[in-house]
Amino acid sequence: MPGMVLFGRRWAIASDDLVFPGFFELVVRVLWWIGILTLYLMHRGKLDCAGGALLSSYLIVLMILLAVVICTVSAIMCVSMRGTICNPGPRKSMSKLLYIRLALFFPEMVWASLGAAWVADGVQCDRTVVNGIIATVVVSWIIIAATVVSIIIVFDPLGGKMAPYSSAGPSHLDSHDSSQLLNGLKTAATSVWETRIKLLCCCIGKDDHTRVAFSSTAELFSTYFSDTDLVPSDIAAGLALLHQQQDNIRNNQEPAQVVSHAPGSSQEADLDAELENCHHYMQFAAAAYGWPLYIYRNPLTGLCRIGGDCCRSRTTDYDLVGGDQLNCHFGSILHTTGLQYRDFIHVSFHDKVYELPFIVALDHRKESVVVAVRGTMSLQDVLTDLSAESEVLDVECEVQDRLAHKGISQAARYVYRRLINDGILSQAFSVAPEYRLVIVGHSLGGGAAALLATMLRAAYPQVRCYAFSPPRGLWSKALHEYSQSFIVSLVLGKDVIPRLSVTNLEDLKRRILRVVAHCNKPKYKILLHGLWYELFGGNPNFPTELDGGDQEVLTQPLLGEQSLLTHWSPAYSFSSDSPLDSSPKYPPLYPPGRIIHLQEEGASGRFGCCSAAQYSAKWSHEAEFSKILIGPKMLTDHMPDILMRALDSLVSDRAACISCPAQGVSGVDVA
């Protein structure tokens, strides 16, 4: 539901968010009250000492205060359990209860201060009693400090601007006032987000690229969040409901809906060849991450294997530039790729906003010059990812619509300048003129590799690109179709990044608003059931639609989907079938090239921790990645080590089946 309005401002917490904090505080307070009562009853005879009367009074008054607080917290917790996310009527007394609860902190603080003063005054009583009272004083101040921290966390810097609108509602403002308010909110939100990002990234420098990235990222966040009145727990509940709804739909699909057919021999051969290439070149994409990924993949032996390289100083024929621990990075690259020192032309770990690390090597097995671009691994890379507005890609091709992701485009342009202007590619092809150019990368590196391949195609017509788990929001539909002939993308399972774009995030927000508005269960039950379902599975058929019986018991009408927006624009549709209108700054963008989709067959654990998983591969259309799928593996499927493990398993299984003609295509799907 919308955030609560207290003290004339909106807060980033709803009236149904206090069940779990209230329960935790209630348990602490009850145990504390029992402990103080036990201390008083067992040791009150030892309080006949100098200052004992003060300590006795302190314990009695503290027990009374705690009893009042326990009753108030119990009432807050019970009221917070009422209603649903969009039915706050049964919780209308929550603000009064919170005012009472906050008022009780003043006598608590005064009494804790007096207790600290009396104990420090050197009371001559039994040491057990004094230690017990010291413990009560410490607990009092810990709870007070925790409350202050909680207030800081739920403080909304825009709350003062949002409160008048939250109380008035959309129907009380005409279109001019509403539009004026929205513009003011977006401006203020952009400023707030930029301040937050600068604080978070305070140690990465203040050059022009960084300042531009700060502004772009702040504008993205303010655009995405400023038109909704949801608190973080509403989003968590919505994601939990969407995951169960998604699994329920999949489980209810009829087997007849799944059409299977034998793949054509040419398609099957093409898929086999490209999978083998992906398996080979993924080693280079992983090597670009340097020693952190190598140690992560080999926790027991990795450090021993590259430790000697970290401490060794060499004079070499290749360029090794940028960053720290360069020898550690290079040692891990050698072990990951299996190449020799002489096979590397250039290794760069220079890392800034819009400037990505990359390596250039000679791959004699495939007779190719490989350029591997690193994926996201630093705050600078995150800012590059989040510079999501579009710009025209400066490239020589016949495509008219050349819009591309600004941050990734700038990063690809940086690598392009280094390769061409610094003569790195010329040096590589002077050594091996008959080799072809192959560009690879994972995640952000995959998107940059696709753009880089497009930039280089005029000079190197035979260029090939393998983009592993690239972002969906990369470039225009025209460039997506243009890249089909020379780019192959590989996506594993429910990986969120190949489904991630501003358009898809808007669609996800719309789905969250819909499922939250139509939910007939209180939020705490949704979160508990969602946590259980994520950890242990079970029945996904959790009620999300209001039936007639539920409608009758509502004390007030539902807020509805539109009330969860701070501004309802005609362009924002709640129909599940109607497309979303896109902002000119954030048009629909698409993934690169042809897409191979690896899917896990059977169950191997909810978090993909089982190494016995089997995978199938198929060519997929980009439309299959037009919605973000919710699940435990949406993040783990993006990890490069998981993707490498899946490729190892798939390629080895397919190689084993070559000798079994009757089963040779059993694990293959071609769309």
Side-chain angles (χ1 to χ4, degrees), residues 239 242-243 245-247 249-250 253 257-259 271 274-275 278 282 285 375-376 385 388 390 403-405 408 441-451 465-484 487-512 576-577 579-580 582 586-601 608 615-640 642-643 646-647 650 669-671:
L239 292 174
L242 281 178
H243 183 204
Q245 183 185 73
Q246 165 191 300
D247 287 356
I249 291 172
R250 188 184 68 246
Q253 283 182 340
Q257 292 179 261
V258 181
V259 180
L271 181 62
E274 295 296 5
L275 279 173
C278 287
M282 182 61 201
T376 303
D385 285 317
S390 298
L403 288 179
H405 183 291
I408 304 177
H442 173 265
S443 188
L444 167 62
L451 287 165
C465 174
Y466 293 93
F468 302 97
S469 307
R472 175 179 176 82
L474 183 65
W475 53 19
S476 65
K477 181 76 169 179
L479 283 171
H480 164 72
E481 293 172 352
Y482 170 76
S483 65
Q484 300 276 318
I487 298 178
V488 172
S489 294
L490 187 76
V491 178
L492 174 62
K494 294 183 178 181
D495 187 351
V496 66
I497 300 302
R499 296 173 170 86
L500 195 62
S501 67
V502 176
T503 306
N504 282 9
L505 283 173
E506 286 290 342
D507 171 73
L508 178 64
K509 180 170 66 177
R510 181 180 65 170
R511 289 190 285 149
I512 288 175
S576 60
D577 300 321
L580 291 173
S582 299
Y586 304 108
L589 298 179
Y590 297 84
R594 295 184 297 162
I595 303 172
I596 298 176
H597 191 196
L598 305 187
Q599 292 178 295
E600 188 176 340
E601 295 183 330
Y615 297 88
S616 63
K618 67 172 184 175
W619 291 111
S620 295
H621 191 268
E622 60 83 16
E624 296 183 36
F625 306 92
S626 61
K627 284 187 180 295
I628 295 174
L629 301 181
I630 310 301
K633 295 184 181 180
M634 62 187 292
L635 297 179
T636 58
D637 280 349
H638 186 67
M639 299 299 292
I642 302 295
L643 182 56
L647 277 170
L650 180 64
D669 241 344
V670 179

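In terms of heavy atoms, H480 sits closest to G593 at CE1-O, 3.4 Å. Closest heavy-atom contact between P592 and A467: CG-CB, 4.3 Å. The shortest non-hydrogen separation linking C278 to L647 is O-CD1, 3.9 Å. The two residues H442 and P640 have their closest heavy-atom pair at CE1-CD, 3.7 Å. The shortest non-hydrogen separation linking S626 to N504 is O-OD1, 3.0 Å. Between P591 and E622, the shortest heavy-atom contact is CG-CB, 3.9 Å.
Contact of the S469 side chain with the M639 side chain is not registered, since no non-hydrogen atoms from C-beta on lie closer than 4.5 Å. Side-chain contact between I512 and K509: absent, with no pair of heavy atoms (C-beta onward) separated by less than 4.5 Å. Counting heavy atoms from C-beta outward, P471 and I408 have side chains that approach closer than 4.5 Å. At least one side-chain heavy atom of Y590 sits less than 4.5 Å from a side-chain heavy atom of R472. Contact annotation: the side chain of K633 approaches that of E600 to within less than 4.5 Å [non-hydrogen atoms, C-beta and beyond]. Between K618 and E624 there is a side-chain heavy-atom pair separated by less than 4.5 Å. Between I596 and L598 the shortest side-chain heavy-atom distance falls below 4.5 Å.
Here the straight-line distance linking atom OG of S443 with atom CZ of F468 works out to 12.5 Å at 0.5 Å rounding. The structure places CD1 of I595 at 11.0 Å from CD1 of I487, a figure rounded to the nearest 0.5 Å. With rounding to the nearest 0.5 angstrom, the CE atom of M634 is 8.5 Å from the CD1 atom of I497. Summarising the geometry, atom CG belonging to D637 is positioned 10.5 Å from atom CG belonging to L629; distances are rounded to the nearest 0.5 Å. To the nearest 0.5 Å, atoms CG (L635) and NZ (K494) are separated by 12.0 Å. Separating the CG atom in L508 from the CG atom in L242 is a distance of 6.5 Å, to the nearest 0.5 Å.
A salt bridge is defined here as a Lys NZ or Arg NE, NH1 or NH2 lying under 4.0 Å from an Asp or Glu carboxylate O, and D495 with R499 fails to meet this definition.
H597 contributes a side-chain N or O that, together with a main-chain N or O of G493, makes up a donor-acceptor pair within less than 3.5 Å.
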- Go through the steps to decide whether K627 and Q246 satisfy the test side-chain contact (heavy atoms from CB on, under 4.5 Å), and finish with yes or no. CA-CA 11 Å; K627 284 187 180 295; Q246 165 191 300; over 6 Å; no

- Message: Before you tell me yes or no, could you show the steps for T503 and L589 under side-chain contact (heavy atoms from CB on, under 4.5 Å), namely the whole-Å CA-CA distance, both residues' side-chain angles and the distance that decides it to 0.1 Å?
- Response: CA-CA 8 Å; T503 306; L589 298 179; over 6 Å; no

- Could you walk me through whether I628 and D507 pass side-chain contact (heavy atoms from CB on, under 4.5 Å), step by step? CA-CA 8 Å; I628 295 174; D507 171 73; over 6 Å; no

- Query: Do W619 and E274 pass the side-chain contact (heavy atoms from CB on, under 4.5 Å) test, and can you show the C-alpha distance, the side-chain angles, and the key distance before you say yes or no?
  - Reply: CA-CA 11 Å; W619 291 111; E274 295 296 5; 4.0 Å; yes

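Not counting sequence neighbours, the partners of A449 by the side chain to side chain contact (heavy atoms under 4.5 Å, CB included) test are I439, C465.
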